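Note that these values count all heavy atoms, side chains included, but never hydrogens, waters or copies made by symmetry. No experiment lies behind these values; they were computed from the predicted model shown.
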Amino acid sequence: MQFQRSDFPEGFLFGVATSSYQIEGHAYGGAGPTHWDSFAATPGNVVRAEHGQRACDHYHRWEDDLDLIRDMGADVYRFSTSWARVLPEGTGTPNAEGLDFYDRLVDGMLARGIKPAATLYHWELPQALADKGGWRNADMPHWFAEFTETVMRRIGDRVWSAAPINEPWCVGWLSHFDGAHAPGMRDIRATARAMHHILVSHGRSIEVMRGLGMGNLGAVCNFEWVTPASDTPEDIAAAARYDAIYNRFFLGGLFRGEYPAEVLEGLGPHLPEGWQDDFATIRAPLDWLGVNYYTRKIIRHADGAWPNYAEAPTRLPLTQMGWEIYPDGLRDLLIRNAREYSGDLPIHVTENGMANPDTPDAPDTARIDYLDAHLAAVQEAIAAGAPVAGYYCWSLMDNYEWSLGYEKRFGLVHVDFDSLARTPKASYQALARWWRD
Ligand code: FCB
């Protein structure tokens, strides 16, 4: 690691991120079934049909895990609260054990001097709500408001920051158009409705949290830098469509109260009636923007139905996920998001990291290089005027990487999925060396 804290602006925050279903162990503590359990149980969806029933057993090992976060000198821990753990049926009677768990977890962070950064929803939709159509159902904002209130009445007085929904693109597009994540749909109408209801739910959740007197509220979106495969008008237009769907749809709703024309071209006819009237809710004022960044895509035109794009190959090195390593994309997105959407609002890089086939004894130098290069990109963005205020690494430890199961290792800490032993990797030690100073 080439950096020290003093290389970043005064007060810049460093942290690590995880999410509930990926680490907790959903079999424990009275959590209700989620759509990830049924998605994983359906052959062909998840590598080896792996699921999050045990995961990293963080539900029982959370104190040791918080010690690891403290010992590396992190300022912030970005965690999420499972809807199905707190409300096993999605609505109605809360599970007291679930609320107690997050209460203890937040107190545990505070006792260790770590700022709790809560994300309400990181993908484990209660099955009872999935059965009612999940994100396609226009009642989702109402149910999400109830969930927000249930969680934040309990921990909202102590969390440092909060965001409603992790990565709307993944929840909407990846899960309803690409079919790659639960509920595994491939349906344009479902996609349009889900993407809109996600944003309305976000807005309602922000309103509820403001009503409870909470501050430091944000939105966490994922972004990919996009490069056209050639300078033909067809490839340029295809790249613009990809960019609009991936990067501009949610920012457009949150900060401008509009959706990009390239997206409306395909999704417009399928949006719920009266969607234009929902922007007042969607645009609820925010205190920060969260940027999750991993990679870039090179996009070319493809014949066929909208959105008419396909991925073109790259010659740059790839991670274990097959994702191109492209730090300049982080710099350019931070600058563009601030200039074109979020203005002076602080931006936090809420996720960045890489999967690597790590073993406990070989140093993960590839990850150290990846983090170094992306931190340099953050510095360049700051130098160019982007108000970046924090950087959180994905992820504290190896965990359940959704449809790719336990094989893809994103952790700073190695997890042996038989014994569940945690072993800090060289990247953990490298970050710890300068975060502690
Ligand atoms: C993000 C997700 C996170 C993890 C990383 C690798 O899209 O928020 O849960 O899967 O990718």
Side-chain angles (χ1 to χ4, degrees), residues 1-19 23 65-80 105-106 108-119 159-163 166 216 218 220 222-223 287-294 327 330-331 333-334 337-338 345-354 356 364-383 386-399 410-413 422 424-437:
M1 279 278 152
Q2 55 174 315
F3 296 107
Q4 317 174 28
R5 267 188 190 268
S6 54
D7 296 327
F8 286 81
E10 180 84 34
F12 192 91
L13 297 169
F14 294 100
V16 291
T18 65
S19 90
I23 64 167
D65 292 338
L66 292 187
D67 287 348
L68 283 166
I69 300 172
R70 177 201 57 206
D71 292 348
M72 75 181 297
D75 308 301
V76 175
Y77 175 36
R78 177 172 177 256
F79 70 107
S80 77
L105 192 66
V106 166
M109 288 178 228
L110 296 176
R112 289 167 179 80
I114 303 164
K115 292 179 173 18
T119 303
V159 296
W160 168 74
S161 75
N166 178 66
N216 206 17
V220 174
N222 54 319
F223 299 93
D287 302 310
W288 52 272
L289 171 66
V291 168
N292 292 359
Y293 176 83
Y294 292 93
L330 175 58
R331 177 197 61 208
L333 276 162
L334 290 168
N337 286 351
L345 275 194
I347 299 180
H348 293 265
V349 177
T350 30
E351 284 182 28
N352 177 241
M354 74 176 282
N356 198 50
D364 56 334
T365 44
R367 180 172 292 101
I368 295 176
D369 292 346
Y370 180 101
L371 297 175
D372 246 347
H374 286 78
L375 283 158
V378 170
Q379 283 193 316
E380 287 167 22
I382 294 171
V388 190
Y391 174 93
Y392 319 148
C393 182
W394 183 272
S395 179
L396 168 65
M397 57 187 161
D398 297 337
N399 58 47
F410 272 93
L412 298 168
V413 173
R422 276 80 159 140
K425 301 179 191 177
S427 55
Y428 173 99
Q429 310 291 4
L431 287 172
R433 267 196 293 282
W434 60 281
W435 284 3
R436 275 201 225 102
D437 294 338

*asked:* So, using salt bridge (charged side-chain N to carboxylate O under 4.0 Å, His left out) as the criterion, who are the partners of D67 when residues are at least two apart?
replied: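 Scan of D67 (salt bridge (charged side-chain N to carboxylate O under 4.0 Å, His left out), adjacent residues dropped) gives R70, R112.
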Given side chains that start at C-beta, do those of [X] and [Y] come closer than 4.5 Å, heavy atoms only?
| X | Y | answer |
| --- | --- | --- |
| M109 | W160 | no |
| Y370 | N356 | no |
| I23 | F79 | no |
| L396 | R422 | no |
| L334 | V349 | yes |
| V388 | F12 | yes |
| V76 | H348 | no |
| N292 | W394 | no |

Minimum heavy-atom separation for [X] and [Y], please, with both atom names.
| X | Y | result |
| --- | --- | --- |
| A17 | E351 | CB-CG, 4.5 Å |
| I368 | A430 | CD1-CB, 4.1 Å |
| T350 | R78 | O-NH1, 3.5 Å |
| L330 | A377 | CB-CB, 4.4 Å |
| P424 | Q429 | CB-NE2, 3.8 Å |
| W435 | G15 | CH2-O, 3.4 Å |

_In terms of relative ring orientation, are F410 and Y294 parallel, tilted or perpendicular, with 30° and 60° separating the classes?_
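Perpendicular: the ring planes of F410 and Y294 meet at over 60°.
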*Evaluate the ring planes of W434 and F14, with Trp represented by its six-membered ring, and classify them as parallel (under 30°), tilted (30 to 60°) or perpendicular (over 60°).*
perpendicular
*Sort out for me which residue in V413, L431, L412, D398 forms a side-chain contact (heavy atoms from CB on, under 4.5 Å) with K425.*
D398
Under 3.5 Å donor-acceptor, [X] side chain and [Y] backbone:
| X | Y | result |
| --- | --- | --- |
| D71 | L68 | no |
| Y293 | L333 | no |
| D364 | A426 | yes |
| N352 | Y391 | no |

*Distance from M72 atom CE to C393 atom SG, nearest 0.5 Å?*
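So the CE of M72 and the SG of C393 are separated by 7.0 Å.
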*First locate atom OG of S19, then atom CG of N399, and finally report the distance between them rounded to the nearest 0.5 Å.*
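Atom-to-atom, S19:OG and N399:CG are 7.0 Å apart.
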